[in-house]
Structures are given as structure tokens and as C-alpha cells.
Amino acid sequence: MKKYFWGLLIILLFAGCAEKVPDETGLAAPEIMIAQELLPYREITYGQYQQQTGQEAELLHACYYLGAIPETGLWVIFGGEYDMELGAAVLLEGNQCIRMEGRLGELLSGLTEEMTPDEFVSALAWKEGEMPGYQFEEGAGTAYYVADRYVVIDFDSDGDGEEDSRLEISLEQSEAIGPDSYAWLSLRSLLR
């Protein structure tokens with residue numbers, strides 16, 4: 001029985017210390033990634049969203065509109081336009097998603113516990129030792145800022161060596177990043 005216990009303990013220790021194993025290209029899939037079922041929403045237009053979900057978006061603030069992502073607690077945010085003739089914001093079929101937002105544990109797969117910002121950013125890296133950059137920022141929790149205090153991480157979501165995504169994660173509840181942290185996820189090319 002003692003042999004079995006020590007063998008199991010050694011296996012668990014090695015499993016906990018396992019590093020990312022790169023393939024022939026030198027890349028290893030990150031431990032934490034964008035949830036695959038959300039990828040179709042990243043560049044969706046409002047017209048496509050309506051066809052796919054059968055739902056309408058609601059005005060959030062100024063020219064921002066939000067629509068629920070079915071079977072999740074997440075939202076897709078569209079950037080509308082100001083119509084001078086109407087004197088109001090409008091959302092057209094061709095307006096594109098500017099971000100998705102909600103609980104970080106739903107936006108990303110692989111996040112199961114709280115981490116320090118360094119640990120979290122390291123888990124987003126495609127190459128061992130090449131962490132994405134991040135910075136702490138302050139705002140005002142509105143449609144323009146995720147929180148009063150938050151961390152911004154620009155990262156490579158597909159391993160092609162180019163930073164293409166941005167995460168903004170609220171630090172209002174804790175300095176740690178975890179599944180319940182509120183976050184915004186956007187394509188860097190869509191940032192205004």
C-alpha cells in the first residue's frame with residue numbers, strides 16, 4: 001500500500017510540474033485559450049448575429065449595443081453609429097462586434113482557479129518564457145472601461161507570432177485573476 005501511495009504522489013507531482021511541450025514548429029498550445037465556441041462571435045456583424053441567434057441587441061450606452069450570447073452569461077458588444085437625421089444612435093446590420101464581455105471563466109477555457117497576473121499571462125503564452133505584455137490601468141466602470149482598476153493584456157490568440165487580441169480584466173474584487181473576474185475580450189484591430 002505504501003508503494004502505491006508514493007508512486008501516485010510522484011505521478012501527481014510530475015503532472016503538476018509539467019511544462020508546455022512544443023511541437024515541431026516550436027509552439028505549444030497555451031494552458032488558457034479563448035473558448036472555441038466563442039470564436040464565431042469575434043468578428044460577427046449585427047446582421048449575422050440576428051440571423052444566428054434570432055435576437056435583437058439593446059442600447060448599452062452612447063453608440064454601444066449589447067446582445068446576449070445564447071446558452072452563456074456572456075454578451076457581444078456592437079459599435080453602432082450616430083445618425084444625424086434621427087439625432088440618435090443606430091445599429092446597422094453591417095456594424096461589427098467590438099468585444100465580448102462577461103465572466104472570464106466563460107470567455108476562456110482552461111481557467112479553473114485564481115492566479116496572479118504573472119501566472120495568468122504566462123498561461124496565455126504560446127512559447128515557453130515569452131509572456132505577453134500587460135499593464136495596470138484605471139478608468140471608470142462605464143461602457144468605456146471595464147472597471148475602475150483593471151489589467152490590460154495584449155496577446156497572440158492563434159500562435160502566429162502577432163498579438164491579435166486584448167483582454168481587459170477587472171481587479172475590483174481582487175488583485176488575483178480567476179474564473180469569476182469580469183472581463184472584456186476584443187480583437188486588437190477593432191479597438192477604437
Side-chain angles (χ1 to χ4, degrees), residues 32-35 38-39 41-46 49 53 55-70 72-84 86-92 94-125 131-157 162-192:
I32 297 174
M33 298 181 72
I34 297 172
L38 298 180
L39 293 178
Y41 291 96
R42 288 182 69 188
E43 297 183 58
I44 198 169
T45 65
Y46 180 54
Y49 170 81
T53 66
Q55 299 181 46
E56 301 286 326
E58 298 176 26
L59 182 64
L60 173 62
H61 176 77
C63 288
Y64 294 100
Y65 288 79
L66 76 154
I69 298 176
T72 72
L74 301 174
W75 301 93
V76 60
I77 307 300
F78 295 97
E81 302 173 11
Y82 188 79
D83 185 311
M84 295 296 280
L86 291 175
V90 295
L91 184 58
L92 305 174
N95 291 130
Q96 200 168 18
C97 164
I98 59 169
R99 70 175 181 254
M100 291 178 284
E101 63 181 70
R103 285 183 55 250
L104 193 58
E106 283 193 87
L107 288 169
L108 305 176
S109 61
L111 180 62
T112 57
E113 61 189 15
E114 286 194 344
M115 303 175 158
T116 67
D118 275 347
E119 292 168 336
F120 178 78
V121 170
S122 179
L124 287 174
M131 288 179 25
Y134 70 93
Q135 69 231 18
F136 296 95
E137 294 191 12
E138 294 182 2
T142 67
Y144 305 107
Y145 305 97
V146 69
D148 291 337
R149 179 164 160 68
Y150 58 102
V151 62
V152 176
I153 306 163
D154 289 314
F155 67 102
D156 176 10
S157 68
E162 299 289 326
E163 290 182 339
D164 56 21
S165 297
R166 173 172 283 179
L167 265 172
E168 298 178 35
I169 305 168
S170 172
L171 298 175
E172 294 291 301
Q173 304 300 321
S174 168
E175 287 296 307
I177 296 171
D180 290 329
S181 298
Y182 199 80
W184 291 359
L185 173 65
S186 58
L187 289 174
R188 289 185 72 211
S189 63
L190 298 176
L191 298 175
R192 295 182 175 170

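The figures here come from the full heavy-atom set of this structure, side chains too, leaving out hydrogens, waters and symmetry mates.
None of Leu104, Leu167, Ile169 except one satisfies the side-chain contact (heavy atoms from CB on, under 4.5 Å) rule with Leu185; the exception is Leu167.
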Step-by-step side-chain contact (heavy atoms from CB on, under 4.5 Å) determination, Val152 to Arg166: CA-CA 7 Å; Val152 176; Arg166 173 172 283 179; 3.5 Å; yes
Show, in sequence, the C-alpha distance, side-chain angles and deciding distance for Met115 and Ile32, and conclude whether the side-chain contact (heavy atoms from CB on, under 4.5 Å) test is met. CA-CA 12 Å; Met115 303 175 158; Ile32 297 174; 3.9 Å; yes
I would like to know whether Tyr182 and Arg103 meet side-chain contact (heavy atoms from CB on, under 4.5 Å); could you show each step before the answer? CA-CA 5 Å; Tyr182 199 80; Arg103 285 183 55 250; 5.6 Å; no
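The six-membered or imidazole ring of Tyr144 lies near that of Tyr64, with a centre-to-centre distance under 6.0 Å.
Considering all non-hydrogen atoms of both residues, Ala89 and Ala62 come closest at CB-O, 3.3 Å. Counting all heavy atoms, side chain and backbone alike, Tyr150 lies closest to Gly139 at CE2-N, 3.8 Å. Nearest heavy-atom pair across Gly102 and Leu107 is O-CD1, 3.9 Å. Closest approach of Arg149 and Glu172 over heavy atoms only: N-OE2, 2.9 Å. A pairwise comparison of heavy atoms in Tyr49 and Ala68 identifies OH-O, 2.6 Å as the closest pair. Closest heavy-atom contact between Leu111 and Glu113: CD1-O, 3.5 Å.
The CG atom of Leu66 sits 10.5 Å away from atom CG of Leu91, with the distance rounded to the nearest 0.5 Å. Taking OG of Ser157 as the start and CD1 of Ile34 as the end, the distance is 4.5 Å to the nearest 0.5 Å. The CG atom of Leu108 sits 10.5 Å away from the CD atom of Glu106 when rounded to the nearest 0.5 Å. For the atom pair Ile177 CD1 and Thr116 OG1, the distance stands at 7.5 Å (nearest 0.5 Å).
Summarising the local packing, CD of Gln173 is surrounded by 12 or fewer heavy atoms from other residues, nucleotides or ligands at distances under 6.0 Å.
Under 3.5 Å, the side chains of Arg42 and Ser186 contain no donor-acceptor pair of N or O atoms. Between the side chains of Glu56 and Tyr46, at least one donor-acceptor pair of N or O atoms lies under 3.5 Å. A donor and an acceptor atom, one from each side chain of Tyr65 and Glu58, are nowhere located under 3.5 Å apart.
Side-chain contact between Glu114 and Ser181: absent, with no pair of heavy atoms (C-beta onward) separated by less than 4.5 Å. In this structure, the side chains of Val151 and Gln135 stay at 4.5 Å or more apart for every pair of heavy atoms. Contact of the Trp184 side chain with the Ser170 side chain is not registered, since no non-hydrogen atoms from C-beta on lie closer than 4.5 Å. Counting only heavy atoms from C-beta outward, the side chains of Leu187 and Glu43 approach each other to under 4.5 Å. Within the 4.5 Å cutoff, side-chain heavy atoms of Leu38 are placed close to those of Met100. Within the 4.5 Å cutoff, no side-chain heavy atoms of Met131 are placed close to those of Ile153. Looking at Asp154 and Ser165, their side chains never come closer than 4.5 Å, going by heavy atoms from C-beta outward.
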Throw together a table of side-chain donor-acceptor distances under 3.5 angstrom for residues 72-82, partners on residues two or more places apart or in other chains.
| unit_1 | atom_1 | unit_2 | atom_2 | d |
| --- | --- | --- | --- | --- |
| Thr72 | OG1 | Ile69 | O | 2.7 |
| Thr72 | OG1 | Leu74 | N | 3.0 |
| Glu81 | OE2 | Asn95 | ND2 | 3.0 |
| Tyr82 | OH | Gly87 | O | 3.2 |

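Arg99 forms no cation-pi arrangement with Tyr41, by the criterion of a distance under 6.0 Å to the ring centre and an angle within 45° of the ring axis.
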